[in-house]
Amino acid sequence: IKDYDPALFIYSVDLREEERISVSASAFGKNAIMGAELLPNDLFIKNQDYRVDTSDRSRAVIELLNPTKFENQNFVVVIR
């Protein structure tokens, strides 16, 4: 992500309290979530820095496996 509007980053995660992010399909007008990933994907590596659980298709739960890597970082959650 080279150019972005910082105003778009309206949500934050307090890593002292939580190491999971839950994303609801209905919040995005979807019936189901088939997968998710974090961008920039050259910085955050799936199954190394984070893991995605979509076993309940109505939501995706993103578990931060390496929380210190996310400190003071902006990232985008992409859902499919």
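Here the structure is a predicted model, which means the values were calculated and not measured. Scope of the values below: all heavy atoms of this structure, side chains included, with no hydrogens, waters or symmetry mates.
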Would you name the heavy atoms of Y50 and I62 that are closest together and state the gap between them? CD1-CG2, 4.0 Å
Do D53 and E63 come close enough that some side-chain heavy atom pair is under 4.5 Å? no
Using the rule that two of Ile, Leu, Val, Met, Phe, Trp, Tyr join whenever any of their side-chain heavy atoms come within less than 4.5 Å, decide whether L43 and V77 are in one cluster. yes
Check whether any side-chain heavy atom of L64 sits under 4.5 Å from a side-chain heavy atom of K69, and report yes or no. no
Close side-chain approach of L65 and D49, heavy atoms under 4.5 Å: no
Just checking R57: does its CZ atom have more than 12 heavy atoms from other residues, nucleotides or ligands closer to it than 6.0 angstrom? yes
OG1 of T68 to CD of Q73: how many Å apart, nearest 0.5 Å? 10.5 Å
Residues N66 and Q48: closest non-hydrogen pair is CB-O, 4.5 Å
Could you list the donor-acceptor pairs under 3.5 angstrom formed by side chains in residues 23-36, with sequence neighbours left out?
residue: S24; atom: OG; partner: S26; partner atom: N; Å: 3.3
residue: S24; atom: OG; partner: S26; partner atom: OG; Å: 2.9

Is it true that, when you exclude N72 itself, more than 12 heavy atoms of the residues, nucleotides or ligands shown sit nearer than 6.0 Å to its CG? no
